[in-house]
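Scroll down for the structure; my scribbles are underneath it.
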Amino acid sequence: MSAMGVVANKMKVKLPAEIAVDAEIDLCNSGDVYFLRARLNVSLPGLEREVAQAIVDATHGETCAYSNATRGNIDVTLNVV
């Protein structure tokens, strides 16, 4: 959430107080290989959907330390709800 704040500040957008991120993690397997898959459901109430999506995409693509650390290792789906 703090990374979204950094992105929003750069975009000159004020994040709502009620921001929420719900993470769903699946443990999957393919034969003998196990892997993780994640869905991040992000709620930014009061923001236009396009603005919220831009913040979420930029955060995941450029700013979030966790996204950078797991990139290429975990399939992540981003949902603005």
Side-chain angles (χ1 to χ4, degrees):
M1 289 186 205
S2 62
M4 280 193 287
V6 169
V7 171
N9 282 338
K10 287 180 183 177
M11 294 175 66
K12 308 243 187 278
V13 174
K14 181 171 172 40
L15 287 181
E18 304 83 25
I19 183 175
V21 177
D22 177 44
E24 300 175 6
I25 309 297
D26 299 319
L27 176 60
C28 307
N29 72 328
S30 177
D32 293 336
V33 177
Y34 287 87
F35 59 96
L36 297 175
R37 184 170 38 213
R39 285 173 308 286
L40 299 178
N41 303 308
V42 182
S43 175
L44 298 169
L47 293 183
E48 293 181 20
R49 182 167 190 79
E50 296 80 22
V51 172
Q53 189 70 56
I55 291 170
V56 169
D57 290 343
T59 300
H60 180 66
E62 304 164 10
T63 308
C64 179
Y66 297 107
S67 295
N68 289 332
T70 61
R71 186 164 288 112
N73 296 317
I74 299 174
D75 180 32
V76 178
T77 301
L78 305 171
N79 300 309
V80 175
V81 295

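All residue numbers refer to positions in the sequence shown, counting from 1. It should be emphasised that the depicted structure is a prediction, and the values quoted were computed from it without experimental measurement.
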Any residue meeting side chain to side chain donor-acceptor pair (under 3.5 Å) with [X], in chain and number order, not counting sequence neighbours:
X   : result
D75 : none
D22 : none
T63 : none

Review point. In Å, rounded to the nearest 0.5 Å, how long is the span from CZ of F35 to CG of D26?
Key: 9.0 Å

Exercise for review: Determine which pairs satisfy side chain to side chain donor-acceptor pair (under 3.5 Å) with at least one residue from residues 40-49, sequence neighbours left out, and list them in order.
Suggested key: E24-N41, N41-N79

**Study point:** Heavy-atom closest pair, residues C64 and A3
**Key:** CA-CB, 4.0 Å

Review point. Nearest heavy-atom pair of R37 and C28: which atoms, and what distance?
Key: NH2-SG, 3.2 Å

Point to revise | Hydrophobic cluster partners of I25 (side-chain heavy atoms under 4.5 Å) | key: M1, M4, V7, M11, V13, L15, I19, V21, L27, Y34, L36, L40, V42, L44, L47, V51, I55, V56, I74, V76, L78, V80

Revision key, fill the gap. The remaining residues in the hydrophobic cluster of V33, counting side-chain heavy-atom contacts under 4.5 Å among Ile, Leu, Val, Met, Phe, Trp and Tyr, are none

